[in-house]
*Asks:* 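Can you keep this structure in mind? I'll have questions shortly.
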Amino acid sequence: MSKHRMIDYRLRRNTRGLRQKGFCLIALALTLALLGCRSMSSHNDKSEPQIPVATDLSLIPVPYSLHRSAGYFTLGKNAALGIHSNDAAAENIAHYFSELVQRTRGVHLDLLAPTSKDNNTQSGIDFVLDPRLSLKDDDSDEGYALTVATGRITLVARSAHGLFNGAVTLWQLFTLDADANLPLRIPCLRIEDHPRFAWRGLMLDPARHMQSPEFVKQFIDWMALHKFNVLHWHLTDDQGWRIEIKKYPKLTEVGAWRRPAGAAGTDANGQPVRYGGYYTQEQIRDIVAYAQQRYVTIVPEIEMPGHAQAAISAYPELGVTGKNPGVSHDWGVHTVLYNVDDSTFVFLQNVLAEVMDLFPSKYIHIGGDEAAKDQWQASARVQARMRELDIKDETALQSWFTRRMQTFLSAHGRKLIGWDEILDGGLPPQATVMSWRGSKGAIEAAKQGHDVVLSPDPDLYFDHLSGDLPDEPAGRPKVISLRDVYEFNPIPKDLDATQARHVLGAQANLWSEYFPTDASVARATYPRAAALAEVLWSPVTAHDWNGFLDRLVVQQARYRELGIGYAQSAFAVHIETTFDAPHGKVGVKLANQTDFGTIRYTLDGNAPTPQSPRYTGPFETAASGEIRATAFAHDAPLADARARKLDPLALLHRSSGELRQCHPNSGVILRLPDDTPVGPDQAIFHVDLFDPCWLWPDASLDDIDHIAVNVGSIPFNFQLWKDIKSVVTRKPLKYPAGELQVHLDRCDGDLLAAVALAPALANAGTTQLEVPIGHHAGTHSLCLRFATGKYDPLWAIDWVQLVPAH
Ligand code: ACM
């Protein structure tokens, strides 16, 4: 807590310094275009990364055009904001803006009504709605022009949405330094701005883990401050139905609740745990209204014909088998589908009628993904219906299903959007496709003339980890870095210019299997969403990775002000060590993901400061004490310091993520949390679902007496459909109830040891096993894997410690 506050303070001081350096250059440069400004970047202290002139405004996303001129606007004590139109929306935006400025800067602005006689005389800032405003290249209704002159700031837009976007830009200019003391100075400039894409989205998944209504509102606030305009809300899935539907109360009485897998499903009194929740219609109306005030459209998703297990648990007659499958506590691809009786369409249409009543969005998302057809194939009733309808196969049946929904939505003036599987078997031209299986679906859809939204896995699947630091939380280990997101191209190369016009935009998806808390969703979203915001809003010619990183320094300070718990993966220092045991030395390599900033470190246990030694390359030091390292930009820390103990015992320790996976290029590797209650002590297992097996390559075993292995087990709550065949189960050699095996050099090499796993240990946190391995001179690889004869529960390594004899 105190460390965080200290960093915050330093960053604030520093950003003010940055601004002043920029001002000197502005005075020389008079009027500069944004890119022109960037070329004047080499004047500052040579020992630190340079902040180009334009980037000191730290606007994210960077505007379409920005011209600067001499002088500043100064906001004094009696500043006022005038609204120059009799428009309730403009007035709301002015209120929103002044509250935001008050909250984040402690600056009060008097609001002057359109009719106020003071409106043209006293106000320092004017918000104007003017339908005649013409902006170059802008065919959206989201553009704006912002003029900062010495005496006045004028924001003009044709539409309320444009005015809102301009207000967000102006707020960013107000937060260049976080010093609340007036006067507040903003350099004179003119910005003309509009979006590159119409669909700039994020997707929330409350089905796997539900986010609180308060968090959803916060999430919308943060989206608006990045000029995102679509929140895709994945409200139903196998693991929970999260939207109250008045006509079908069991959807939430039954379908909103599941019993967690394994031991977590039973409480201390031996009673079943009920986990879940839902949003009432009242809460949804409130959230939708809140989003409207922030110009974010909420696109609701009701999944069909698959991912329907929660609904079918509530009303088994909607399913194919008539059996109640229970709300799922598993992740993955389930095979429970809706049946295709007319009564099921009546149900779905009634549900959508209530959904349309709650959500004014033009688009309604009907899912459509991963509808494994096993149940339809096995059902005599479904097969008879197919023959009756002259439908040749189950893919064509899903296409027929989608067409029925399309006809219904269209009759109600709405547009259908669905995951790219809805293309299979044919799709009505009015339907829009959300491409998730890479960009393939987008290419095919756009070539067929459908509008498309890109949200490919893995590029924009933010359940993938932001980095590979040892302290990364649970998630999918293929790293989708900040830079990966910044370099994402929403227009697939295979599309020609006409086809490319079908690309509405893109969105990142926050699938929540591994995000049990609101905080974990926020961390996975930012700052990667800032990169996506720039990709989707700013013209390609203004994209500039290094400039973005510069601007992110201030953006991170804004995040701290707003309480956004962002990931530090892009800037935190990764400390790599190699232990030379015979000489008591350790080799140290330091780096951060973005290679941004100056890394400084200490070896005396103190926090690194801008005066600490600068890291210039790998070095050797004595194997004792602790190293702490931080990357700085202009004397401000970019992330909290990371530390690593350098004593021999610590150097002979590896967490599961620091071990190598035996099959790094196959299988399904995940970082999974222990199933003890969520908290800082929860273990994170880096494990291959298909074959849990870890390697410690090149372990120096000369002086090693035994190894200690911390292990845990979690329920195998994964539905792998046909892939279940690929899961390896190994027979134990010594202990029938299951064992940890350690092999020398290779996994099919000599068995060094097998240690019993006590079944009683399952689902009870982690346990430390002592493994005698005998004496082995020299360097060897160790292969560690479990053999229990079954895959559930899933046993996994938390960490391995080589324990020296002395
Ligand atoms: C998806 O990830 N199944 C859309």
Side-chain angles (χ1 to χ4, degrees), residues 199 201-209 230-242 299-311 328 330-338 363-374 395 398 401-402 405 416-425 427 431-445 450 452-465 475-478 480 485 488 490 504-515 521 524-525 528 532 668-670 689 717-723:
W199 186 299
L202 295 177
M203 190 210 77
L204 276 182
D205 166 21
R208 278 55 183 252
H209 290 288
V230 178
L231 172 62
H232 167 186
W233 211 3
H234 184 81
L235 286 163
T236 71
D237 214 305
D238 300 305
Q239 300 80 5
W241 183 284
R242 304 277 176 243
V299 175
E301 178 181 354
I302 304 295
E303 273 272 21
M304 62 189 82
H307 287 285
Q309 190 162 322
S328 180
D330 291 347
W331 314 138
V333 179
H334 296 57
T335 53
V336 174
L337 298 193
Y338 285 117
Y363 291 95
I364 303 290
H365 202 302
I366 55 99
D369 58 319
E370 298 180 319
K373 306 292 189 303
D374 308 36
T395 302
Q398 182 172 348
F401 198 116
T402 308
M405 301 325 295
L416 178 146
I417 182 166
W419 300 110
D420 57 55
E421 286 92 331
I422 64 171
L423 275 168
D424 303 344
L427 185 65
T432 299
V433 172
M434 187 169 272
S435 185
W436 75 276
R437 295 177 296 177
S439 299
K440 262 186 357 281
I443 295 165
E444 193 183 330
H450 297 286
V452 297
V453 174
L454 280 283
S455 66
D457 180 15
D459 317 54
L460 297 182
Y461 267 40
F462 282 7
D463 50 342
H464 283 274
L465 301 180
R476 294 166 68 190
K478 176 174 170 40
I480 295 299
V485 178
F488 175 71
L504 301 180
Q507 69 178 36
N509 298 336
L510 279 301
W511 297 110
S512 70
E513 283 91 339
Y514 312 114
F515 303 148
V521 175
T525 309
R528 290 185 295 189
L532 183 62
V668 173
I669 298 166
L670 294 170
L689 286 190
N717 61 327
F718 301 92
Q719 301 253 343
L720 299 179
W721 194 29
K722 293 185 174 150
D723 286 339

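Indexing begins at 1, ligand by ligand and atom by atom, following the structure's order.
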*Asks:* Do the side chain of His464 and the main chain of Pro458 share a donor and acceptor less than 3.5 angstrom apart?
*Replies:*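 No; zero donor-acceptor contacts below 3.5 Å.
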
*Asks:* Donor-acceptor pair, distance only, cut-off 3.5 Å: does the side chain of Arg528 make one with the backbone of Phe462?
*Replies:* yes

*Asks:* Quick check on ligand 1: any N or O pairs to the protein under 3.5 Å? One line per pair.
*Replies:*
from: ligand 1; atom 1: 2 (O); to: Tyr461; atom 2: OH; distance (Å): 2.6
from: ligand 1; atom 1: 3 (N); to: Asp369; atom 2: OD2; distance (Å): 2.6
from: ligand 1; atom 1: 3 (N); to: Glu370; atom 2: OE1; distance (Å): 3.2

*Asks:* Check for me whether Arg208 meets the cation-pi criterion with Phe515, that is, NZ or CZ under 6.0 Å from the six-membered ring centre and within 45 degrees of the ring axis.
*Replies:*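 No, cation not above the ring by the 6.0 Å, 45° rule.
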
*Asks:* Do any side-chain atoms of residues 303-311 form donor-acceptor pairs under 3.5 angstrom with protein atoms, and if so which ones, sequence neighbours left out?
*Replies:*
from: Glu303; atom 1: OE1; to: Gly368; atom 2: N; distance (Å): 3.3
from: His307; atom 1: ND1; to: Asp237; atom 2: OD1; distance (Å): 2.7
from: His307; atom 1: ND1; to: Asp238; atom 2: OD2; distance (Å): 3.0
from: His307; atom 1: NE2; to: Asp369; atom 2: OD2; distance (Å): 3.3
from: His307; atom 1: NE2; to: Glu370; atom 2: OE1; distance (Å): 2.8
from: Gln309; atom 1: NE2; to: Gly326; atom 2: O; distance (Å): 2.8

*Asks:* Where does the angle between the aromatic ring planes of Trp436 and Trp419 fall among parallel (under 30°), tilted (30 to 60°) and perpendicular (over 60°)?
*Replies:* perpendicular

*Asks:* Would a 4.5 Å heavy-atom cut-off, applied to side chains only, mark Ile302 and Ile366 as touching?
*Replies:* no

